[in-house]
Amino acid sequence: MAGNRNFAGEGLDPSKYSFWFHQYTYAATCTTIVSGAVAERCRLVAYVVYSFVMAGFIYPVITHWAWDPAGWLRNGDGTIGFQDFAGSGVVHVTGGTAALVAAIILKPRLGRYKDYYGIKRVPIITGHSVPLFTLGGFIISLGFLSFCASATRAMLNPTDGIVASNAMRNTVISACFASVTAFFTNKIVGIIKDPPGKWSLRVTINATTAGMVAVCAGCDQIYDWGAAIIGTIAALAFIFYSWLLRKMKVDDVTDAAPVFLGAGLWGLIAQPFLKRDTGIIFTSNQREAWLGLAWQIAGAVSIMVWAGGLSAILFGLLSSMKLLRVSEEQEMEGLDKVEQGEPAYVFDFGGEDQKGKKKKTAIESTATSLSALSTLSGTAQSDQPKPYLRTGILKAPSTSESLV
């Protein structure tokens, strides 16, 4: 949509088709980041509208600023400008900013931070499948290798292969250090807060992604030890921002903003410090090195203002038109059944059975299940917290579970 030439591919030189596909994958990546933040309560029509605006207008403007030869961020002051090799800012900060704005406007899931159906403490809303989550982590890790290497965009010169392989190598190193850092950090924090602590697979996988997000900006121009530093701090940034959002009662279901916005910002800032031989840590007395940092900050702020401002307008309009969030009953039923009419799981609540009798709603059915459970355990029904149903997973928090 954005631009004044080659609309719908008209007049596009065939030699640019590979570049078109490359940018298609980047735009798709940027767009899908938001889906995790708004899961379980966003209407599908709202996500379709957002996807159209992000891929067609918000993202193309930013990529023009940063990567087009005429872009003001890329050109900078004529000698040095904004540098983002594989999209820490252009892709990930853009998507992460939109995800944060969407989560704020959409508000938390039922019962996440406020009392609902008598529950007086924060419930534990679990994911439905740790194995599938893990499989997704492996898939995205494999995808990042091509994501970063493809930013080379061509294999015409002998050095192009070196650049691509260096980008892939640094991506792996950053991911590894991020995962190990998060793995032990989460355990140590757990020992301090609630001994003996837990080894969290979820935190480890999200931190691995954060490490790859952060290294995108400079994966072509840093040493391997620089990638290790980027990955380590990216994991800590992710853990901090995740904690901060919970304290602010922002319900980002999959930690999309901490992973992509938090780590992406760090990646942009790290690039001018760790750039091979010419970064600030090598040439701290050179004006050009610090000017590079200034342009990275300017680029990060510009991206956040553009993406965040337009996302706020878009999601605000959708909310005012009652097109953003499903009803409470629909949220409890599950969007797979309500929005698509195709249940992802074997549970079937609501509607009528074969004899025409009205079936119990999700709330009624889960309440009955807890009532039966309380009878078997000898616990009075009135002492049982009301249920939470999330894609077939029923879980009520015990007094021994963490409330955050």
Side-chain angles (χ1 to χ4, degrees), residues 33 36-37 39 88 92-93 96 99-100 103-104 108-109 111-114 119-134 136-138 140-141 172-215 225 227-267 269-270 388 390 393 395-404:
I33 291 172
S88 286
H92 302 304
V93 170
L100 178 60
I104 292 173
R109 290 165 290 173
R112 182 64 180 95
Y113 295 117
K114 295 175 64 176
I119 290 182
K120 299 301 182 182
R121 55 188 184 275
V122 178
I124 308 300
I125 302 178
T126 63
H128 77 283
S129 174
V130 173
L132 286 180
F133 177 77
T134 305
F138 279 112
I140 197 171
S141 297
V172 171
I173 293 173
S174 182
C176 291
F177 272 81
S179 63
V180 171
T181 299
F183 186 68
F184 287 103
T185 299
N186 188 75
K187 176 66 172 179
I188 294 171
V189 172
I191 292 175
I192 296 173
K193 293 179 59 178
D194 185 21
K198 304 293 183 183
W199 301 102
S200 175
L201 181 61
R202 178 189 63 82
V203 171
T204 302
I205 292 176
N206 272 345
T208 302
T209 304
M212 294 183 288
V213 166
V215 82
W225 55 264
I229 293 174
I230 289 176
T232 299
I233 298 180
L236 298 176
F238 153 67
I239 292 173
F240 170 75
Y241 285 120
S242 179
W243 169 84
L244 182 62
L245 288 190
R246 292 197 301 272
K247 289 298 181 182
M248 296 172 62
K249 292 182 169 43
V250 175
D251 189 14
D252 183 345
V253 179
T254 61
D255 275 334
V259 169
F260 294 97
L261 175 57
L265 286 174
W266 156 241
I269 300 303
Y388 277 80
R390 288 291 183 270
I393 298 300
K395 184 174 179 64
S398 66
T399 56
S400 62
E401 287 181 305
S402 171
L403 301 184
V404 294

Under 4.0 Å between a Lys/Arg side-chain N and an Asp/Glu carboxylate O for Asp255 and Arg202? yes
Are the side chain of Ser174 and the backbone N or O of Ile230 linked by a donor-acceptor pair below 3.5 Å? no
So, the side chain of Thr185 versus the backbone of Thr181: is there a donor-acceptor pair under 3.5 Å, distance only? yes
First locate atom CG of Leu236, then atom OH of Tyr241, and finally report the distance between them rounded to the nearest 0.5 Å. 11.5 Å
Exercise: identify the closest heavy-atom pair between Ala103 and Val250: CB-CG1, 4.0 Å
Measuring centre to centre across the rings, with the benzene-like ring taken for any Trp, is Phe184 within less than 6.0 Å of Trp199? yes
Checking Leu265, Val259, Thr209, Val213 against His92 for side chain to side chain contact (heavy atoms under 4.5 Å, CB included), the one that qualifies is Val213
What's the spacing between Ile205 CD1 and Phe183 CZ if we round to 0.5 Å? 11.5 Å
CG of Asn186 to CD1 of Ile191: how many Å apart, nearest 0.5 Å? 10.0 Å
Passing candidate, side chain to side chain contact (heavy atoms under 4.5 Å, CB included) with Leu261, options Leu100, Ile33, Asp252: Leu100
Ignoring hydrogens, what is the shortest heavy-atom contact between Phe133 and Asn206? Give both atom names and the distance. CZ-OD1, 4.0 Å
Quick one: pull up OG in Ser179 and CE in Met212 and give me the separation to the nearest 0.5 Å. 9.0 Å
